[in-house]
Amino acid sequence: MRIRRSTFTPAPGAYSGCERNEQHFKRLAGRKIKEKTMTEKRGIAPTERLRQDKELKLERLREAGINPYPYRFDRNTTTVECIANESAWIEEGKEVMLAGRLMSQRVMGKSCFANLEDRDGNIQIFLRKDEIGEDEYKRFAKLMEVGDHVGVRGVLFRTRTDELSVRVAEVTLLGKSMLALPEKHHGLRDPELRARQRYTDLAANSDVRQLFITRSRMLRLIREFFEEQGFLEVETPVLQPLYGGASARPFTTQHNALDTKLYMRIANELYLKRLIVGGLDRVFEVAKIFRNEGMDRSHNPEFTMLEAYASYWDYNDLMPFIEELYRRLAVELTGSAQIVFGDHTIDLGSPWERLDFYDALEKYTGRDLRGADEEALAAFADELSIDVDPSWNRGKLLDAIMSKKVEPNFIQPVFLMDHPKEISPLAKDHRDKPGQVERFEPFIATMEVANAFSELNDPAEQRRRFEAQMGLRAKGDDEAQVMDEDFIRALEIGMPPTAGLGIGIDRLVMLLTNSHHIREILLFPMMRPEA
RNA sequence: GCGCCACUAGCUCAGUUGGCAGAGCAUCUGACUCUUAAUCAGGCGGUCCGGGGUUCGAAUCCCUGGUGGCGUACCA
């Protein structure tokens, strides 16, 4: 903890019993001694002074018989409802009871303006000494301050400068703030502090609250969409004895009672397909996924992925399905199927381009790689100044060339289709294209936003694919998938033709909120622990 | 991982060639009954990220450690 840079040190005893905070207070205590000696010459340190001011206010409130942390408040409306019903409520003289955080306070002798902010909005409140009484007025002006939670009772009116306001008859302190809120004009900017202290970020920056409200609405719309189409929402294990369904390194953990190693899931694919085998027909899950890999602007070690499986569909059914879903989300959340992302305007409305994997490579590299063998691909990758790992096979090489030379061109939505079999161990062979599978990945703004295929349901073929993966693993590819005998048994029980889909929820939120870092759209992104 | 950049008051930021550490907001005191980044007057507030070095003198130059940002690599 870099104490010097942090205003937001909790009150001693506030979280007693928490080891981290005990350490924290030890440091604070050490610091106080140091500052006391400084006080003699230079006065009191700002964090200490702010705390002392606030503690004095608390004490005075208690002396006046006010509980600074009361139990509840009966609000009968919100700021947004006040704005929406303004004229009717002014006319009928409706008494409104609002609760929120005090975000500004302008005291002018015997009258005072302030702003009250709740989750969705902000409204000005107005207090006069001769209307609420001297004691209550003084308490509000002197002992309540920006950051405090307050409740007010009053009526709506328009000020002389024509701003909708609440003429307050009674003000109630609902929760005293003991630490200063960030500067009111600029808010909290430091990206590290914003992520580490999301509570402060949310309190200080209303646009951040709006973004996470949008994320929540998006998830609700997605659930509605899948349910309309007859999908059943299910839950599958996070802790798994075998991990599978994707190529990635897992987090490992230990179950004490079973004395066994467990993995945090890197995908839920194999479990959802077991449910299709069992006859649940159409299922989906909004799943927290964990991958033990690097972090950057579009990767967090834990992230949210939606996976869905539909019996009797193939991957051709999923393309219009995804187009419709994304278009609807854009329209509902941004008001238009044309969304702005950075410098680009992206059209989610019209049918998306469909591009065969090898055609895409040819289009952007000028080379037809369909028949190219491993050696030729390695040479070509080298030519394109791609760092080639000698352990890479044909599939990895193709994938690397695709990532480096082709994907950066995918600004407008495109379905990249029919991937090489080598990099798709769970997808069904393409019905017409030997060596390729029935798979597609939609790209938008160069981000891979989903992954879908006609699911492989032939148990013998699935076994051969797993065996090929195990071969890669033996050669040192620690992302290769592992054999799952129980999954093979499930396929032997019998899986109908099925189409499967995975959607990266976080990336979709980034797209629809024009956010360019995953940290911006996760409430609590992974951060290095505070030292 | 690697490369480049940043770190100054609680917050947002200035700080010239190496020469006394600055502003706004917040906080405190006073004035003010329609303000709204309220205003006006006055006051308090600093481990210039930590450690080491060069120098008469370091926020500033050098070395080193920490944290973060951007780019790059693997991945969704």
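Just so it is clear, the structure is predicted and the values come from calculations on it, not from any experiment. Naming: A, B, ... by sequence-line order, numbering from 1 per chain.
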Rounding to the closest angstrom, what is the interatomic distance between [N] and [M] at atom [atom1]?
{"N": "B:U54", "M": "B:A41", "atom1": "C1'", "answer": "47 Å"}
{"N": "B:G19", "M": "B:U29", "atom1": "C1'", "answer": "36 Å"}
{"N": "B:G57", "M": "B:U17", "atom1": "C1'", "answer": "14 Å"}
{"N": "B:A58", "M": "B:G51", "atom1": "P", "answer": "14 Å"}
{"N": "B:C56", "M": "B:G46", "atom1": "P", "answer": "31 Å"}
{"N": "B:A21", "M": "B:C62", "atom1": "C1'", "answer": "23 Å"}
{"N": "B:G65", "M": "B:C7", "atom1": "C1'", "answer": "14 Å"}
{"N": "B:C20", "M": "B:C25", "atom1": "P", "answer": "26 Å"}

> What string of B, S and - do you get for nucleotides 31-38 of chain B 5' to 3' if you count protein non-hydrogen atoms under 4.0 Å?
Replying inline: -BBBBBBB
>> Can you tell me which nucleotide in B:A26, B:C44, B:G68 comes closest to the side chain of A:Ala180?
In response: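 For the A:Ala180 side chain, the nearest candidate turns out to be B:A26.
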> Among the nucleotides B:C74, B:G30, B:U12, which one has an atom lying closest to any side-chain atom of A:Leu188?
Replying inline: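 Of the options given, the side chain of A:Leu188 lies nearest B:U12.
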Considering every strand and a 4.0 Å limit on heavy-atom distances, what is the contact class for [X]: base, sugar-phosphate, or nothing?
{"X": "A:Arg291", "result": "base"}
{"X": "A:His516", "result": "nothing"}
{"X": "A:Asn300", "result": "base"}
{"X": "A:Asn451", "result": "nothing"}
{"X": "A:Arg249", "result": "nothing"}
{"X": "A:Ser403", "result": "nothing"}
{"X": "A:Gly187", "result": "sugar-phosphate"}

Ion pair present between [X] and [Y], side-chain N to carboxylate O less than 4.0 angstrom?
{"X": "A:Glu323", "Y": "A:Arg354", "result": "yes"}
{"X": "A:Asp201", "Y": "A:Arg198", "result": "yes"}
{"X": "A:Lys110", "Y": "A:Asp130", "result": "no"}
{"X": "A:Arg194", "Y": "A:Glu520", "result": "yes"}

For the pair made of [atom1] in [X] and [atom2] in [N], what is the distance, rounded to whole Å?
{"X": "A:Arg49", "N": "B:G43", "atom1": "CZ", "atom2": "P", "result": "14 Å"}
{"X": "A:Lys57", "N": "B:U27", "atom1": "NZ", "atom2": "P", "result": "6 Å"}
{"X": "A:Asp190", "N": "B:C13", "atom1": "CG", "atom2": "P", "result": "8 Å"}
{"X": "A:His517", "N": "B:G68", "atom1": "NE2", "atom2": "P", "result": "11 Å"}

>> Suppose the criterion is salt bridge (charged side-chain N to carboxylate O under 4.0 Å, His left out): which pairs have a residue in residues 292-308 of chain A, not counting sequence neighbours?
In response: A:Lys288-A:Glu302
>> Taking 4.0 Å as the cut-off, does a side-chain nitrogen or oxygen of A:Arg297 come that near to OP1 or OP2 on B:C70?
In response: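 Negative; the distance criterion is not met.
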So, the side chain of [X] versus the backbone of [Y]: is there a donor-acceptor pair under 3.5 Å, distance only?
{"X": "A:Asp477", "Y": "A:Leu472", "result": "no"}
{"X": "A:Arg473", "Y": "A:Asp478", "result": "yes"}
{"X": "A:Gln481", "Y": "A:Arg465", "result": "no"}
{"X": "A:Ser111", "Y": "A:Arg128", "result": "no"}
{"X": "A:Asp148", "Y": "A:Lys176", "result": "no"}

>> Using a 3.5 Å limit on both distances, find every run of at least three consecutive Watson-Crick or G-U pairs that involves RNA chain B.
In response: B:1-7 with B:66-72, B:10-13 with B:22-25, B:27-31 with B:39-43, B:49-53 with B:61-65
> Under 6.0 Å between ring centres, would you say that holds for A:Phe321 and A:Phe225?
Replying inline: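 Distance test on ring centres: under 6.0 Å, yes.
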